[in-house]
Amino acid sequence: MRIPALTGVTALALALTALPATTTGSAPPRPDLKRFYAQKVKWAACTPQKQNLPETVTKNADVRCGTLTVPLDYARPGSGTVDLAMLKVKASGKKRGSLLVNFGGPGGPGVAGLGADLKGFGDLGKGYDVVGFDPRGVGLSEPVSCGDEPEPEGLDDPDDAAAVLEQLRATAERCTKESGPVLEHIGTVNVSRDMDVMRAALGDKKLNYLGFSYGTRLGAVYAAQFPKKVGRMVLDGVDTLTEPVDEQGLVSAEGQQTALDNFLLWCTKNAGCVFGDDSRRARETMVKVIEDLDAMPLRSTDGEKFTGQDVVSVIGSALYSRQAWPALSQALGALLADGDPRALLRVGGAGGMGRQDVPQDNETAALAAVNCADDPDRPDARKVEKEIGRLQREFKEASPVFGEHNLGLVLMCFGWPAGTSYIREDVRDVDTPKLLLVGTRGDPATPYRWTVETAERLGSAAVVLDNKGDGHTGYFGSKCVKAKVDGFLLYKELPKNGSSCSAEWRE
């Protein structure tokens, strides 16, 4: 997922300064939730117009779409509701229940995500109805937004921080207005509770779940909130449960820079690499290209700008899978040789089907809203003004390419009310059946040490599978990981704790 630009994230961060803190949800819900738990999902054929899915998907007789209603505020279930969009792929064999899937983000839509990769879950579909969903505030589930007005220019001089922050305060009213009441009640704790309503509505006594990246945080929170309802659960690309957003931002910048360095080393060892055969010079060239495009963006015939930060966004996405490296190398060659960004845009997924009724900034807005709702630390704007220069230097040192983007992960929460402390303090030593955690050694987004730390945090229920490959998450990039995950979810064949899968990439 694209990390938002510096000023745009800060604008969203300051948008909610007047909102109360998110409910922690650490205590069992006392209000009457029977009408929500008594629901059954009414499945019907999907349509390209309503669900924003390709016709090949909507014409598939095994694919069905539906909605589920959950309370806006679990403490006050009569104060409003949220309708959640869902997509189901019917089991092709003997069904043992439903498998709920979350693709991460936070902010990643599950309806479009599952619809785009039906074949990827074909083996699991032999024993499960595979179900994707758009979490509250995401995709077709009452999406949050900051509107379509242009963002202020980037923060070039730390001395201008006070003026920029003052300018960003002017966006607060628009962001709050565009998002509506769901913005106050977004966050992992509430989405976890929504998942339990889904479990009941799907007719499952236990929740079977496969979560990727941020989806692992969501799975861990569910295991802590509803330990007796956990079925077979796999967490792939394990997120941290303890680090504040500033530490997460630095770790992510360092991880992405390492992945980029590995890509450039691979490229310079291959004939025809646009960067030549010197990996150190390639790193310097990459930084200069980004700086030059930020200073003087390319413009399309319709006036759209293509900046250095757009390059960063595409590279960050492409590094998630080593299989994308050859295409990324060719696309960067076209950009450097001819000034043509079209191949790079295709690598980044541009030119695909647009999502009707979903704001263009929804994924960015949801990323900010969820991460800030999940984080209890909240420095004020004055501290931002004082420390912005130091933060810029620190993040640039961590990564001259990804530092600016990842600094947004810190700035986006400044000025917000404190989020929940539940995840950091209470998600530990879960009393559940065994959970399978997959960590990938070369993961640019969720470093392997987070897998180890989260496993220790979750306690004896956690079983770690060490994937020695590259890329973000392991299920779609490693045949070994896929076989072990499928074996556990379908047949309860649990690998031994600490077992591994070798890197499968061949040059």
Side-chain angles (χ1 to χ4, degrees), residues 12 15-42 66-86 100 102 105-111 132-147 172-202 207 214 217-218 221-222 225-226 357-359 361-363 365-376 416-423:
L12 182 61
L16 298 181
T17 54
L19 293 180
T22 303
T23 304
T24 66
S26 57
R30 294 184 179 181
D32 186 3
L33 302 174
K34 290 180 182 178
R35 69 185 180 98
F36 298 103
Y37 275 88
Q39 295 176 88
K40 296 297 179 185
V41 184
K42 294 182 179 179
T67 58
L68 188 72
T69 301
V70 295
L72 180 67
D73 183 351
Y74 277 88
R76 297 182 299 126
S79 63
T81 60
V82 179
D83 289 332
L84 305 178
M86 302 175 69
L100 209 61
N102 180 277
V111 171
F133 67 99
D134 290 352
R136 58 172 64 201
V138 174
L140 301 173
S141 299
E142 302 193 21
V144 296
S145 172
C146 244
E173 184 176 347
R174 186 185 82 242
C175 295
T176 304
K177 178 181 178 182
E178 291 289 339
S179 294
V182 72
L183 192 59
E184 183 181 341
H185 301 283
I186 204 169
T188 302
V189 171
N190 279 326
V191 176
S192 169
R193 299 175 110 177
D194 295 342
M195 284 170 50
D196 198 55
V197 177
M198 292 181 210
R199 173 200 58 76
L202 292 169
L207 178 75
Y214 159 76
R217 188 198 313 170
L218 183 55
V221 170
Y222 183 90
Q225 285 189 303
F226 304 99
D357 302 324
V358 180
D361 72 330
N362 173 239
E363 292 187 9
L367 175 78
V370 173
N371 280 340
C372 293
D374 287 359
D375 188 79
W416 284 46
T420 179
S421 60
Y422 176 74
I423 298 171

What's the shortest heavy-atom distance between [X] and [Y], and which atoms?
X	Y	value
Gly139	Val358	O-CG2, 3.4 Å
Val144	Pro359	O-CG, 4.3 Å
Asp32	Pro77	O-CG, 3.8 Å
Gly107	Ala366	CA-CB, 3.8 Å
Thr69	Phe36	O-CD2, 3.4 Å

Between Thr188 and Tyr422, is there a side-chain donor-acceptor contact under 3.5 Å, judged purely by atom types and distance?
no
Salt bridge (Lys or Arg N to Asp or Glu O under 4.0 Å) involving Arg217 - partner list, sequence neighbours excluded:
Asp239, Asp374
Taking salt bridge (Lys or Arg N to Asp or Glu O under 4.0 Å) as the definition, give me every residue that meets it alongside Arg76, ordered by chain and number, with sequence neighbours left out.
Asp73
Do the side chain of [X] and the main chain of [Y] share a donor and acceptor less than 3.5 angstrom apart?
X	Y	value
Asp134	Val111	yes
Asp361	Ser145	no
Asn190	His185	yes
Arg136	Val182	no

Rounded to the nearest 0.5 Å, what separates atom [atom1] in [X] from atom [atom2] in [Y]?
X	Y	atom1	atom2	result
Ile423	Gln225	CD1	CD	8.5 Å
Asn371	Leu367	CG	CG	5.0 Å
Glu142	Thr81	CD	OG1	7.0 Å
Arg199	Leu100	CZ	CG	11.0 Å
Thr420	Asp375	OG1	CG	10.0 Å
Ser141	Asp194	OG	CG	9.0 Å

Decide yes or no for [X] and [Y]: does some side-chain heavy atom of the first lie under 4.5 Å from some side-chain heavy atom of the second?
X	Y	value
Phe226	Leu207	no
Glu184	Ser179	no
Pro135	Leu84	no
Asn102	Tyr214	yes

Residues, nucleotides or ligands: over 12 heavy atoms within 6.0 Å of Lys40 NZ:
yes
Any ion pair linking Arg193 and Asp196 (charged N to carboxylate O, less than 4.0 Å)?
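Not counted as a salt bridge, because no side-chain N and carboxylate O are separated by less than 4.0 Å.
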